[in-house]
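Working notes, structure below.
Treat the numbers as computed from the prediction; the structure is a model and nothing was measured. The first residue in the sequence is number 1, and the count goes up from there.
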Amino acid sequence: MATFSQSTVEKGSDMVQDFLCSTCKDRKLEKSAEYYCETCVQFYCGNCIHVHGQLFTEHSPHGRGDMKKWPVAKKVEDFLLKCDVHKEENMEMFCKDHSQLCCRKCDIISHRKCQTVILLSDLVKTSPTDLKQVSVTIHSTLAELMELQNNQESSIRSVQSSFEEQLHKIQESREKIIAALSMLEKKTLTEMKDKLTQLQALLKGDRDECATFRDEFKQLRDAIQDVSDKGKQELSFIASFKCKDKIQQFEKYRKKNLSQKESSITFQPNNEIVQYLSSLSGLGMIEHSSQPLTVRGNPDQVIRIDGKSEYDVRLRGDSSKESKCCIRDICVLPSGQILIADSENQKIKLLNQQFQVVSHCNLSDQPRDMCQITPSEVGVTYGSNIHFIKVNNSQLWKVRKLQVRHDCEGITYHEGDLLVTTGTALYKYWLTGKLVRKLHQDISNINTVWRCAVSRTGDRLYITNSSQSKLITLTMDGSVLATFEDPDLISPTVVHVTPAGQVLVCGEGSSTILQVDSMGTRKLATLATDRDGLKTPYSVCYNSNTASIIVGMWRNDMILVYKVE
């Protein structure tokens, strides 16, 4: 067994095996291995393999393209073998009476009176494991956990958003009872904030429990991938048992969450408050209302357009009339406010719910794409920079800026990571600006990796290949799953995923908006064309607050708002 491999764990507990070159490690250097020699039981980097080849001409080392013949990583082996109770002990036995894996200490302490405690080495000879089936269940469970966590995040945002909305009613009541307002307002706000704190604590607890399950299932998924087809029967049995045990735990967790409600806070003013002011204890009643959460939507439900409106988003301070606005991206915030990136005028503009421009901020270059980071903050790409802009009291504030070593085109945010396209490549960054790795590249032409979006389940990436009129679907590690082409899709610009998981893609050259199935393999519908007022669409965004689709166009001062049935 190779003991000279090292494993690192990426943020989010995704396990990544990183085998180090044995020769370099002896010299106290950490260099990633590219080859493994079964004869030597050693790993080699690209430089050391040449020396090895000269010394041992008959050996046949295996490269990373043949990693099935590499040993199980030490980190994975320890993860599976180590006892959960006695961390320093390996699990060597199985108690059939309790259906539990156990180490020697467990056997002595908890299983001395059990009738059937057998060695794993004997058990695996007669107990085959089906890691493939368990792996399918793990992937399905991870997707469902992602749905649950998304709903819990939505509920947290809903509580905060409803809290902020109800403040307006408080202010309306305040105008009628100015004399006694100060004391009553203090009591009411205290009560509402206490309720907010209480609800958020409960919801965050559920969210954190869900996140813990996801981390554990990710570790099991990665472990299964590492031990599959390597003949490690003990590890396979342990992995299978752990997966089934964890799935049972999740089933209990899921049943507990089936009746989950979406929480919010409302404020009900007392219309007779002025008359009865001296006898009241607050401005009104703070209530907690809830409605059922939709755990799973249908990402392939076809959207139907029913009516269109147009709104002018030009400002007096914009460029000359001959130079129209160019809306490169649109983002709808939970508050209902809308951000648009006007590249022609180098501005980010804030619209209210009536699509009026209420604020803007200037950039030193043309903004290209946006993504929502928090309910009130977005990341904007321009040049080789990512600028973070916050909305506060209907004003835009530049918070901070990241500079990277390549051009920034598209951007999306997922679970603490920024996914940034350059036109020919897709990179993954942490929010701190640390580069994680390159996920995908296509240098066959320009604009082959144009814009990107993440599926609602968080297991797929969509990118537009504008120069070759394609929509590419990738796994989260960058492997190509599907390539979509259609006569109605020419020079696709932006791809957008609705809260329900529906995939929308704009064709600039064809002046169309298409809905594609969630797997990225077929067209479900052509939602809008030039007959519907489209002309070189460059951005699209679904507004769940008003059940509408907002579209920005190239060199056009108008945005289109399509009502959805």
| query | Where is the tightest heavy-atom contact between D369 and G410, given as atom of each residue plus distance? | reply | OD2-CA, 3.2 Å
| Which heavy-atom pair separates Q152 from Y253 by the least distance, and what is that distance? | NE2-OH, 3.4 Å
| request: Sort and list the pairs that fulfil ring pair (Phe, Tyr, Trp, His ring centres under 6.0 Å) and have at least one residue in residues 489-518, not counting sequence neighbours. | output: none
| request: Any chance you could lay out the salt bridge (charged side-chain N to carboxylate O under 4.0 Å, His left out) test for E344 and K324, step after step, and finish with the verdict? | output: CA-CA 7 Å; E344 188 67 29; K324 301 287 187 179; over 6 Å; no
| message | Does Y427, at its OH atom, have more than 12 non-hydrogen atoms belonging to other residues, nucleotides or ligands within less than 6.0 Å? | response | yes
| query | Is the number of heavy atoms from other residues, nucleotides or ligands within 6.0 Å of CZ (R400) greater than 12? | reply |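 Counting other residues, nucleotides and ligands, CZ of R400 exceeds 12 neighbours.
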| request: With side-chain contact (heavy atoms from CB on, under 4.5 Å) as the test, would you mind laying out the steps for D486 and L514 before giving the verdict? | output: CA-CA 10 Å; D486 191 90; L514 272 59; 4.2 Å; yes
| Where does the angle between the aromatic ring planes of Y429 and H406 fall among parallel (under 30°), tilted (30 to 60°) and perpendicular (over 60°)? |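 Taking H406 first and then Y429, their aromatic rings sit tilted (interplane angle of 30° to 60°).
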| query | Run the side-chain contact (heavy atoms from CB on, under 4.5 Å) check on L534 and I513 step by step: do they pass? | reply | CA-CA 9 Å; L534 276 183; I513 300 175; 3.7 Å; yes
| Passes side-chain contact (heavy atoms from CB on, under 4.5 Å), Y36 versus K69? Steps please. | CA-CA 8 Å; Y36 171 69; K69 296 181 180 179; 5.9 Å; no
| query | Would Q468 and N465 count as a side chain to side chain donor-acceptor pair (under 3.5 Å) if you check the C-alpha gap in whole Å, the side-chain angles of each, and the deciding distance to 0.1 Å? | reply | CA-CA 6 Å; Q468 298 170 355; N465 182 331; 2.9 Å; yes
| query | For the side-chain contact (heavy atoms from CB on, under 4.5 Å) test, which of V380, T374, V378, L402 pairs with F388? | reply | L402
Distance-only donor-acceptor pairs under 3.5 Å for side chains of residues 233-245, two or more places apart:
unit_1	atom_1	unit_2	atom_2	d
S236	OG	K232	O	2.8
K242	NZ	F79	O	3.0
D245	OD2	Q249	NE2	3.0

| request: Evaluate side-chain contact (heavy atoms from CB on, under 4.5 Å) for L426 paired with K438, printing each intermediate quantity in order. | output: CA-CA 6 Å; L426 172 65; K438 182 192 296 181; over 6 Å; no
| task | Establish, yes or no, whether a centroid distance under 6.0 Å links the rings of F19 and H62. | result |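 For F19 and H62, the ring centres are not under 6.0 Å apart.
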Got a list of side-chain donor-acceptor pairs under 3.5 Å for residues 558-565, not counting sequence neighbours?
unit_1	atom_1	unit_2	atom_2	d
Y562	OH	D532	O	2.7
K563	NZ	T546	O	2.8

| task | Taking R555 for its side chain and C326 for its backbone only, find out whether a donor-acceptor pair lies under 3.5 Å. | result | no
